[in-house]
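This report concerns only the one structure given below.
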Amino acid sequence: MPAISLERAQAQLELYLAAEAAVLAKQSYEIQGRKLTLADLDAIQAGIKIWSARVDNATEAASGRSRAITITSR
């Protein structure tokens with residue numbers, strides 16, 4: 001997968017956080033026995049986890065840090 005810029009990852013994370021806030025404010029409603037669900041909160045929260053990790057990875061890459069480790073045998 002190609003590298004994702006920090007700015008792109010942050011923008012996507014902000015969209016998911018805004019979607020979560022909107023869903024939490026009014027996820028579903030009922031009128032005359034008919035229920036309408038606006039969005040899937042579980043899917044939005046999964047997206048938040050994904051994009052949070054991507055923001056963390058892009059931040060580390062931008063600062064020169066890496067999660068990679070080298071293991072050598074003796």
Side-chain angles (χ1 to χ4, degrees):
M1 175 175 15
I4 296 172
S5 71
L6 175 57
E7 293 79 17
R8 175 71 176 157
Q10 286 175 324
Q12 285 298 114
L13 177 58
E14 289 301 318
L15 289 173
Y16 272 95
L17 291 172
E20 181 186 45
V23 168
L24 290 173
K26 191 68 174 170
Q27 182 175 359
S28 64
Y29 60 92
E30 190 171 333
I31 300 174
Q32 296 179 347
R34 298 182 76 179
K35 187 172 182 177
L36 174 65
T37 300
L38 301 176
D40 182 354
L41 184 58
D42 290 337
I44 292 170
Q45 290 175 334
I48 290 171
K49 287 180 185 176
I50 290 168
W51 285 102
S52 289
R54 290 180 180 174
V55 166
D56 291 344
N57 290 340
T59 300
E60 288 176 2
S63 67
R65 295 185 314 224
S66 175
R67 288 187 177 179
I69 60 170
T70 303
I71 300 173
T72 58
S73 61
R74 294 181 184 191

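Closest approach of Ala58 to Ser5, counting heavy atoms only: CB-C, 4.2 Å. Contact between Glu20 and Ile48 at its shortest, heavy atoms only, is OE1-CD1, 3.4 Å.
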Donor-acceptor contacts under 3.5 Å from residues 6-19 side chains, at least two apart:
{"from": "Arg8", "atom 1": "NH1", "to": "Gln12", "atom 2": "OE1", "distance (Å)": "3.4"}

